[in-house]
Every structure is written in C-alpha cells, then in structure tokens.
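The next block holds one structure in the form of structure tokens; read it before the comments.
FYI, the numbering just counts along the sequence from 1. Just so it is clear, the structure is predicted and the values come from calculations on it, not from any experiment.
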Amino acid sequence: MANNIIHCKNIETSKFPAAADKIWSNLESNELVDVQTGDKPFLTTTVRCFRDDTIQKLFFKFVGEDDNVLSYFRFKDEPLYKQDVFELFIADSLDTSKYIELEVSPHNVKFDGLISYSKNGERKLDMSFDILDWETFTVFDKKKSKTTSVWSIPYSAFKNPPKVGDRWRLNAFRIDHSIRGVSYQAWQKTGEINFHVPEAFGYLHFE
C-alpha cells in the first residue's frame, strides 16, 4: 500500500460520529511525521477518514498525544496556526493551484480559507471563504494525555464533489507547543517548516 495515499471508504452513518465510535476502529490510521525530516515526532499524531455518500459528508478524526495545550484563540478565523492546531489542506482535484485550508484548535475554534496561486507562484488567502455546516468536536483529555478532533465536512464545500474512483490532493498537519519547543508535523513531509508546499501533497482516494 502506497504511503502517500489515504483510502476514503464510503460508510453509512446516521449521526456525527463520536471520537469513541467503533466506526473509526476499522479505518486505516495515517501517522504524521516531522515536517522537515520525516522522522517520528516525540508525540504522535494520527488521522483517519471516511465518507458517507448518502448524506454527502467527509469525516476526519485527528488524535494527538498531548502533554500541554497552548491556545488562547477564541474566535473563528483568528490565526490559529500561531499556537496548537490541527490542519488539513485539501484540493478537490489533482490541481493544487487552489485548495481549502482548514484549521481547528484544541478549544474547537475553527479557521477556513481558500488558498490560490497566481501564475508566478504568488500565494493568496481568501478569508471570505466559509463552509456552512462544517461541524467539529475537539477535546483535550489531560488524564489520557491526548487531544482528539473529529470533523464533518459537507460535499457542498467543494466545487467537485467526490465520486467513486476520484483522487484528490491533500496534506494533514499539526503544530504542538511544549517545554521541548514547537513540533511541526505533516502527513507528507515538505522538507521545510512550511506547510504550503502543494507539490508534497499526498492523495485522497475515494474507494
């Protein structure tokens, strides 16, 4: 199995799946690595996903080992990336010149924006982009030393809703602050402390 592909199965669900829902246990777990080196981070992070074509939603679950939370943001679309955060960059085709940037803090504060690149490579962020009905649930469990975040993204967020056999481009990230410093993690390493490296994106395959 290629390590740059996340396989997105179609599974019917009647509700927003809780973090402990057994539906997640049957899905492949994709580990994040150090964004520069590709090495295993001190604290691990995993991401899983599935979709429900009936209700037309994508579901993602992040789980990160966590011994401390640093996040003071409380309002939507604040610069969450400056502190602890889970992130997903997702292009609804194989074209990475435009993709959605999604972020969620440990306090369940959300950020959504649309990234696009000009012909000369200049990156632009459209903050007027908003996803209606994007649901998230995020919690830091101090006793278990982990932060868990579950997302539900409607197909309506995308210009090209997923179809069986499609492949999209995406990458998943985490920023974690601790007494050890800042850990920058990615599903597919970029080779630098920079998440916006579209050519490093992996693939989301709709089985």
Side-chain angles (χ1 to χ4, degrees), residues 1-8 27-49 58 60-71 73 78-106 110-127 129 146-147 149 151 153 158 166-206:
M1 184 180 296
N3 60 6
N4 67 340
I5 300 174
I6 292 179
H7 299 271
C8 187
L27 302 172
E28 65 180 2
S29 177
N30 304 277
E31 286 200 13
L32 274 59
V33 298
D34 182 275
V35 71
Q36 283 184 288
T37 66
D39 294 337
K40 185 180 180 65
F42 182 81
L43 297 179
T44 64
T45 308
T46 61
V47 61
R48 303 170 190 250
C49 85
L58 281 173
F60 289 87
K61 177 186 175 182
F62 288 86
V63 179
E65 293 181 335
D66 215 343
D67 52 13
N68 179 62
V69 165
L70 175 67
S71 182
F73 299 112
E78 287 192 288
L80 307 183
Y81 55 86
K82 292 184 176 181
Q83 297 177 348
D84 289 0
V85 71
F86 295 114
E87 302 188 30
L88 186 71
F89 295 176
I90 183 166
D92 59 1
S93 70
L94 296 177
D95 178 10
T96 56
S97 65
K98 183 177 291 186
Y99 54 87
I100 294 172
E101 177 176 351
L102 302 176
E103 303 177 11
V104 179
S105 82
K110 296 187 286 187
F111 172 105
D112 52 4
L114 184 64
I115 300 292
S116 61
Y117 290 83
S118 64
K119 291 183 178 180
N120 62 6
E122 180 183 1
R123 187 175 75 241
K124 296 182 179 180
L125 170 62
D126 180 1
M127 289 297 300
F129 178 82
K146 69 177 181 180
T147 298
S149 188
W151 305 5
I153 308 170
F158 308 100
D166 281 357
R167 281 196 178 187
W168 291 3
R169 300 296 302 275
L170 89 163
N171 210 346
F173 309 95
R174 180 189 181 192
I175 300 175
D176 179 62
H177 293 74
S178 72
I179 58 173
R180 294 174 298 279
V182 185
S183 176
Y184 297 94
Q185 303 179 21
W187 171 53
Q188 298 296 312
K189 73 171 186 177
T190 66
E192 56 184 296
I193 301 180
N194 176 17
F195 292 168
H196 291 279
V197 183
E199 55 269 28
F201 286 13
Y203 298 87
L204 181 65
H205 177 60
F206 295 98

Separation between [atom1] of [X] and [atom2] of [Y], rounded to the nearest 0.5 Å:
{"X": "Ile175", "Y": "Leu70", "atom1": "CD1", "atom2": "CG", "value": "11.0 Å"}
{"X": "Arg174", "Y": "Tyr184", "atom1": "CZ", "atom2": "OH", "value": "13.5 Å"}
{"X": "Gln188", "Y": "Arg169", "atom1": "CD", "atom2": "CZ", "value": "9.0 Å"}
{"X": "Asp84", "Y": "Asn68", "atom1": "CG", "atom2": "CG", "value": "7.0 Å"}
{"X": "Ile153", "Y": "Phe60", "atom1": "CD1", "atom2": "CZ", "value": "5.0 Å"}
{"X": "Ile115", "Y": "Ile100", "atom1": "CD1", "atom2": "CD1", "value": "10.5 Å"}

Closest approach of [X] to [Y] (non-hydrogen atoms, all atoms of both residues):
{"X": "Leu27", "Y": "Arg48", "value": "O-NH1, 2.7 Å"}
{"X": "Ile5", "Y": "His205", "value": "CG2-CB, 3.9 Å"}
{"X": "Trp187", "Y": "Gly202", "value": "CZ3-CA, 3.5 Å"}

Exercise. Phe206: what forms a ring pair (Phe, Tyr, Trp, His ring centres under 6.0 Å) with it, not counting sequence neighbours?
Worked result: Trp168

Exercise. Would Asp92 and Arg167 pass as an ion pair if we require N to O under 4.0 Å?
Worked result: no

Problem set entry | Lys146 and Asp67 ion-paired at < 4.0 Å | no

Could you tell me whether the side chain of [Y] reaches within less than 4.5 Å of the side chain of [X], counting heavy atoms only?
{"X": "Leu58", "Y": "Cys49", "answer": "no"}
{"X": "Ile90", "Y": "Phe158", "answer": "yes"}
{"X": "Leu43", "Y": "Asp176", "answer": "yes"}
{"X": "His196", "Y": "Arg123", "answer": "yes"}
{"X": "Asn30", "Y": "His7", "answer": "no"}
{"X": "Phe42", "Y": "Ser183", "answer": "no"}
{"X": "Tyr117", "Y": "Lys124", "answer": "no"}

For this session: Decide yes or no on side chain to side chain contact (heavy atoms under 4.5 Å, CB included) for Ile6 and Tyr203, but give the supporting numbers first.
Result: CA-CA 6 Å; Ile6 292 179; Tyr203 298 87; over 6 Å; no

For this session: Go through the steps to decide whether Thr45 and Gln185 satisfy the test side-chain hydrogen bond (donor to acceptor under 3.5 Å, both in side chains), and finish with yes or no.
Result: CA-CA 8 Å; Thr45 308; Gln185 303 179 21; 2.7 Å; yes

For this session: For side-chain hydrogen bond (donor to acceptor under 3.5 Å, both in side chains), just list the numbers for Ser97 and Asp95, CA-CA rounded to whole Å, side-chain angles, deciding distance to a tenth of an Å, and then say yes or no.
Result: CA-CA 6 Å; Ser97 65; Asp95 178 10; 2.9 Å; yes

For this session: Go through Trp151 and Leu88 one step at a time and tell me if the side chain to side chain contact (heavy atoms under 4.5 Å, CB included) criterion holds.
Result: CA-CA 10 Å; Trp151 305 5; Leu88 186 71; 3.7 Å; yes

Problem set entry | Parallel, tilted or perpendicular, as decided by the 30° and 60° cut-offs, for the rings of Phe201 and Tyr99 |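 Plane angle over 60°, so perpendicular.
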
For this session: Apply side chain to side chain contact (heavy atoms under 4.5 Å, CB included) to the pair Thr46 and Leu32, showing each step before the final yes or no.
Result: CA-CA 6 Å; Thr46 61; Leu32 274 59; over 6 Å; no

For this session: Quick one: do Glu192 and Thr190 satisfy side-chain hydrogen bond (donor to acceptor under 3.5 Å, both in side chains)? Show the steps, please.
Result: CA-CA 6 Å; Glu192 56 184 296; Thr190 66; 5.4 Å; no

Problem set entry | Derivation of the side chain to side chain contact (heavy atoms under 4.5 Å, CB included) call for Glu101 and Glu87 | CA-CA 7 Å; Glu101 177 176 351; Glu87 302 188 30; 3.8 Å; yes

For this session: Could you tell me which residues satisfy side chain to side chain contact (heavy atoms under 4.5 Å, CB included) with Glu199, sequence neighbours excluded, listed by chain and number?
Result: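 Counting only residues at least two positions away or on another chain, Glu199 forms a side chain to side chain contact (heavy atoms under 4.5 Å, CB included) with Val197.
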
Exercise. Taking only residues two or more places apart in sequence or in another chain, which ones pass side chain to side chain contact (heavy atoms under 4.5 Å, CB included) with Ser71?
Worked result: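 In terms of side chain to side chain contact (heavy atoms under 4.5 Å, CB included), with neighbours along the sequence ignored, Ser71 is linked to Val69, Gln83, Ser105, Pro106, His107.
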
Problem set entry | Check: Phe173 ring centre within less than 6.0 Å of Phe86 ring centre |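 No - the distance between ring centres of Phe173 and Phe86 does not fall below the 6.0 Å cut-off.
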
